[in-house]
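In this text, all values refer to a predicted model and were calculated from it rather than measured experimentally.
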Amino acid sequence: MIIDCQSVQTSRSGGIASFDAYKHVKGRKRHIVTDTQGLPWNVLVHAAGDHESQWALHALKPVESWTDRVETVFADSAYQGLGNEIESDLDWSMSIVEPEGEKSGFSVDPKR
């Protein structure tokens, strides 16, 4: 499984929203859980001001009941420190994927 999040702006109407200081966006965050082929398994939306690590287990927990084939969760550095929780609660290992080099712009991360 792969987990990542995306901050998006929201309109004036709608549900809860807050400011993501890292991305400089007022709106919501979408946590997206996919398999290694890119097929979506779960999506979770919350206020943009909340940190990714607060909601990662909420996004991954339903996937546990849908399949027994998951062994590793790939994530970026925002989810660092959740390895012990994921291993104890879900019995999966966590692999933090670091970007190669300090290039600006889009680049494909390894194993993703």
Side-chain angles (χ1 to χ4, degrees):
M1 288 287 138
I2 299 170
I3 186 169
D4 205 358
C5 73
Q6 176 184 36
S7 295
V8 291
Q9 278 187 321
T10 55
S11 62
R12 292 178 190 230
S13 64
I16 191 166
S18 65
F19 187 73
D20 181 2
Y22 182 72
K23 300 274 185 158
H24 302 288
V25 172
K26 181 177 180 182
R28 298 184 187 101
K29 277 189 186 171
R30 296 185 280 216
H31 282 274
I32 302 170
V33 179
T34 65
D35 59 14
T36 54
Q37 295 180 349
L39 298 172
W41 279 74
N42 197 13
V43 175
L44 178 74
V45 179
H46 62 84
D50 297 344
H51 194 268
E52 288 87 348
S53 61
Q54 294 174 321
W55 292 93
L57 284 175
H58 296 285
L60 290 169
K61 196 74 160 160
V63 176
E64 179 187 30
S65 63
W66 299 332
T67 183
D68 58 351
R69 299 180 62 185
V70 177
E71 295 177 7
T72 305
V73 176
F74 296 102
D76 62 6
S77 60
Y79 298 94
Q80 203 158 14
L82 288 176
N84 292 337
E85 291 180 50
I86 288 177
E87 192 162 326
S88 65
D89 290 353
L90 304 174
D91 199 29
W92 300 340
S93 63
M94 183 164 204
S95 177
I96 302 296
V97 179
E98 298 291 334
E100 293 180 357
E102 293 295 322
K103 298 181 276 184
S104 63
F106 176 80
S107 66
V108 177
D109 289 338
K111 294 185 183 173
R112 291 181 75 188

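Taking CG of D4 as the reference point, atom CZ of F74 lies at 13.5 Å (rounded to 0.5 Å). With rounding to the nearest 0.5 angstrom, the CG atom of L82 is 10.0 Å from the CD atom of E52. One distance of note links OG of S18 with CZ of R28; it measures 10.0 Å at 0.5 Å rounding. Here CG of D50 is found 8.0 Å from NE2 of H31. Values are rounded to the nearest 0.5 Å. Rounding to the nearest 0.5 Å places NE2 of H46 at 6.0 Å from NZ of K29.
The shortest side-chain heavy-atom distance between V73 and I3 falls under the 4.5 Å cut-off. By the 4.5 Å heavy-atom criterion applied to side chains, W41 and M1 are counted as neighbours. With a 4.5 Å cut-off on side-chain heavy atoms, T10 and K26 do not count as touching.
A continuous path of ILVMFWY side-chain contacts below 4.5 Å connects I2 to V97, so both sit in one hydrophobic cluster. Hydrophobic clustering, with ILVMFWY side chains joined whenever heavy atoms are under 4.5 angstrom apart, groups W92 together with M94.
The two atoms that bring S77 and E98 nearest to each other are CB-OE2, 4.1 Å, heavy atoms only.
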*side chain to side chain contact (heavy atoms under 4.5 Å, CB included) between N84 and I86: does it pass, once the steps are laid out?*
CA-CA 6 Å; N84 292 337; I86 288 177; over 6 Å; no
Show which side-chain atoms of residues 56-71 pair as donor or acceptor with protein atoms under 3.5 Å away, not counting sequence neighbours.
| unit_1 | atom_1 | unit_2 | atom_2 | d |
| --- | --- | --- | --- | --- |
| S65 | OG | P62 | O | 2.9 |
| T67 | OG1 | R69 | N | 3.2 |

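Counting heavy-atom neighbours within 6.0 Å of D35 CG, excluding the residue itself, gives a total above 12.
Looking only at atom types and distance, the side chain of S95 has no donor-acceptor partner in the side chain of T72 under 3.5 Å away.
In the hydrophobic clustering (ILVMFWY side chains linked at under 4.5 Å, chained through shared members), L44 is joined by W55.
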